Chemist: 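Handing you this structure, nothing more for now.
Throughout, a chain's letter reflects where its sequence line sits, starting with A, and its residues are numbered from 1. Everything numeric here is computed off the predicted structure, so don't read it as measured data.
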Amino acid sequence: MSALKLATYNINGIRTRLPVLLQWLAREQPDIVCLQELKAVDADFPVAELRKAGYGALWHGQRSWNGVAILARDGMPLESRRGLPGDPEDTQSRYLEAAVHGVLVGCLYLPNGNPQPGPKFDYKLAWFDRLIAHAATLCNAGIPAVLAGDFNVVPTDADIYNPKSWRKDALLQPESRARYTKLLSQGWLDSLRHLHPDEPMFTFWDYFRQHWQRDAGLRIDHLLLNPELAPRLQSAGVDRWVRGLEGTSDHAPTWITFTGYAVPAGDD
DNA sequence: ATGGCCGCGTCCCGCGGA
């Protein structure tokens, strides 16, 4: 029974970030990858370069902002959903879902919501509510499922270097945190926190104020496992070395490993 | 209280990000 590695990575511009992305893929060789903030239209997605690196891809781009993708090493994600249900007026590319290597993968880029209060924060909460509604079906699907992505929520004060200067930020608001808790209460496991209860496990360090150099980070990229997948969780971590590269994203790839399906014993 | 640092788009400043 071999382990599978699944990662989520907000790359903050896939065109500018392609060298970093390829370097990370080559070194870590994740089997499944969720990408956010492509910041590129569909036609500019580097499908050929990724195929050359050994990855099949599914993507939902958008001009300038947002954009999500799912990659499969030596495979091709089978799309099950593009965009969250519940609001036909929503044109932002923030959710993509596919079956990959035996797991149903929901790749999400939850709205930032700043400044709050305001229409952007309202959009964040409404989007979160739609995610919660859809997530219930995934959690109870009876098959292994994961929700992975940039949730733009700092779940607790233990998930940030110092909450004081962020207290008014949309990422720390009680409304945002209550929804994250509500989502987990459906039965999802916060895999990084579960395996690392006493470490910060930061996934994001903003470009300002030498936050990376000071390790002043936030934990906002999450990998949630439903009851079918959670028992198979083996390990979890953050590829911090990527954040230290030149020309890198302000997020670091965040990952889990879990046992793959046992190969049935040969009966021939 | 503000801005700081980035990527992107339209063009060298504004917006969004978190």
Chemist: Quick check on contacts: within residues 160-174 of chain A, what sits under 4.0 Å from DNA chain B by heavy-atom distance?
Modeler: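 Only A/L171 qualify.
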Chemist: Given atom CG of A/D250 and atom C1' of B/dC5, what is their separation to the nearest angstrom?
Modeler: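 Nearest whole value for this atom pair: 9 Å.
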Chemist: Answer with base, sugar-phosphate or nothing: what part of the nucleic acid does A/N152 contact at a heavy-atom distance below 4.0 Å?
Modeler: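 Sugar-phosphate, backbone atoms only, no base.
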Chemist: Expressed in angstrom and rounded to an integer, what is the separation of A/H251 atom NE2 from B/dC5 atom C1'?
Modeler: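 Rounded to whole Å, this separation is 13 Å.
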Chemist: Please measure how far the P atom in B/dT10 lies from the corresponding atom in B/dC15, and state the result in whole Å.
Modeler: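 Looking at atom P only, B/dT10 and B/dC15 are 14 Å apart.
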Chemist: Got a sec, which residues hit side-chain hydrogen bond (donor to acceptor under 3.5 Å, both in side chains) with A/S235, two or more places apart in sequence or on another chain?
Modeler: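 So A/S235 forms a side-chain hydrogen bond (donor to acceptor under 3.5 Å, both in side chains) with A/T257.
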Chemist: Rounded to whole Å, please give me the gap between CD1 in A/I11 and P in B/dG7.
Modeler: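 Interatomic distance, CD1 of A/I11 to P of B/dG7: 12 Å.
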Chemist: Rounded off to whole Å, could you give me the CH2-to-C1' distance for the A/W205 and B/dG17 pair?
Modeler: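 Rounded to the whole Å, the gap is 17 Å.
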Chemist: With a 4.0 Å cut-off on heavy atoms, is A/Y109 in touch with a base, just the backbone sugar-phosphate, or nothing at all?
Modeler: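 Answer is sugar-phosphate: A/Y109 comes under 4.0 Å of backbone atoms only.
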Chemist: Using side-chain contact (heavy atoms from CB on, under 4.5 Å) as the criterion, list what pairs up with A/L233, not counting sequence neighbours.
Modeler: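 In terms of side-chain contact (heavy atoms from CB on, under 4.5 Å), with neighbours along the sequence ignored, A/L233 is linked to A/L189, A/S191, A/H194, A/L195, A/L225, A/I256.
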Chemist: For DNA chain B, whose closest nucleotide is more 5', that of A/I220 or that of A/F208?
Modeler: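 Nearer the 5' end of the strand: A/F208.
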Chemist: Who passes side-chain contact (heavy atoms from CB on, under 4.5 Å) against A/R240, sequence neighbours left out?
Modeler: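 Result, side-chain contact (heavy atoms from CB on, under 4.5 Å) vs A/R240: A/W205, A/W212, A/D215, A/V238.
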Chemist: Could you give the CD-to-C1' distance, from A/E37 to B/dC15, as a whole number of Å?
Modeler: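 That distance rounds to 13 Å.
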Chemist: Can you see whether A/D90 engages A/Y95 through a side-chain donor-acceptor pair at a distance of less than 3.5 angstrom?
Modeler: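 Looking only at side-chain atoms, A/Y95 and A/D90 do not form any donor-acceptor pair under 3.5 Å.
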Chemist: For the C1' atoms, the ones on B/dC8 and on B/dT2, what distance do you get once it is rounded to whole angstrom?
Modeler: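 Approximately 24 Å lies between the C1' atom of B/dC8 and that of B/dT2.
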Chemist: Return the set of residues passing side-chain contact (heavy atoms from CB on, under 4.5 Å) with A/D122 (not counting sequence neighbours), or none when no residue passes.
Modeler: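 Partners of A/D122 under the side-chain contact (heavy atoms from CB on, under 4.5 Å) test: none.
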Chemist: Show, in sequence, the C-alpha distance, side-chain angles and deciding distance for A/W166 and A/Y161, and conclude whether the side-chain hydrogen bond (donor to acceptor under 3.5 Å, both in side chains) test is met.
Modeler: CA-CA 10 Å; A/W166 292 78; A/Y161 66 101; 2.7 Å; yes
Chemist: Taking CD from A/Q36 and P from B/dG7, how many angstroms apart are they, rounded to a whole number?
Modeler: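 Result: 18 Å.
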Chemist: Between A/N66 (CG) and B/dC15 (C1'), how many Å, whole number?
Modeler: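 It is 13 Å, rounded to the nearest whole Å.
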Chemist: Mind checking side-chain hydrogen bond (donor to acceptor under 3.5 Å, both in side chains) for A/R232 and listing every partner two or more places apart, or none if nothing turns up?
Modeler: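 Per chain and number, A/R232 pairs via side-chain hydrogen bond (donor to acceptor under 3.5 Å, both in side chains) with no residue.
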Chemist: Base contacts versus sugar-phosphate-only contacts with protein, heavy atoms under 4.0 Å: please encode nucleotides 8-13 of chain B as B, S and - from 5' to 3'.
Modeler: SSS---
Chemist: Please state the P separation for the pair B/dG3 and B/dG16 - nearest whole angstrom.
Modeler: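 My reading of the P atoms in B/dG3 and B/dG16 gives 16 Å.
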Chemist: Would you kindly give the CG-to-P distance between A/N114 and B/dG17, to the nearest whole Å?
Modeler: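 Value for this atom pair: 9 Å.
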Chemist: How far, in whole Å, is B/dC6 from B/dA1 if one measures between their P atoms?
Modeler: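 So the two P atoms sit 26 Å from each other.
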Chemist: Would you list the pairs meeting side-chain hydrogen bond (donor to acceptor under 3.5 Å, both in side chains) in which at least one residue belongs to residues 69-80 of chain A, sequence neighbours left out?
Modeler: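 Counting only pairs at least two positions apart or across chains, the side-chain hydrogen bond (donor to acceptor under 3.5 Å, both in side chains) contacts touching residues 69-80 of chain A are A/Q29-A/R73, A/E79-A/R82, A/S80-A/E97.
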Chemist: Under the side-chain contact (heavy atoms from CB on, under 4.5 Å) rule, collect the residues that match up with A/Q62, sequence neighbours excluded.
Modeler: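 Listed in chain order: A/N66, A/Q92, A/S93.
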Chemist: Have A/D221 and A/T254 got a donor and an acceptor in their side chains that come within less than 3.5 Å?
Modeler: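 No, no side-chain donor-acceptor pair sits under 3.5 Å.
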Chemist: For DNA chain B, whose closest nucleotide is more 5', that of A/H211 or that of A/P115?
Modeler: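 By nearest-heavy-atom nucleotide position, the 5'-most residue is A/H211.
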Chemist: Within the structure shown, what part of the strands sits under 4.0 Å from A/D221 by heavy-atom distance: base, sugar-phosphate, or nothing?
Modeler: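 It contacts nothing in the nucleic acid.
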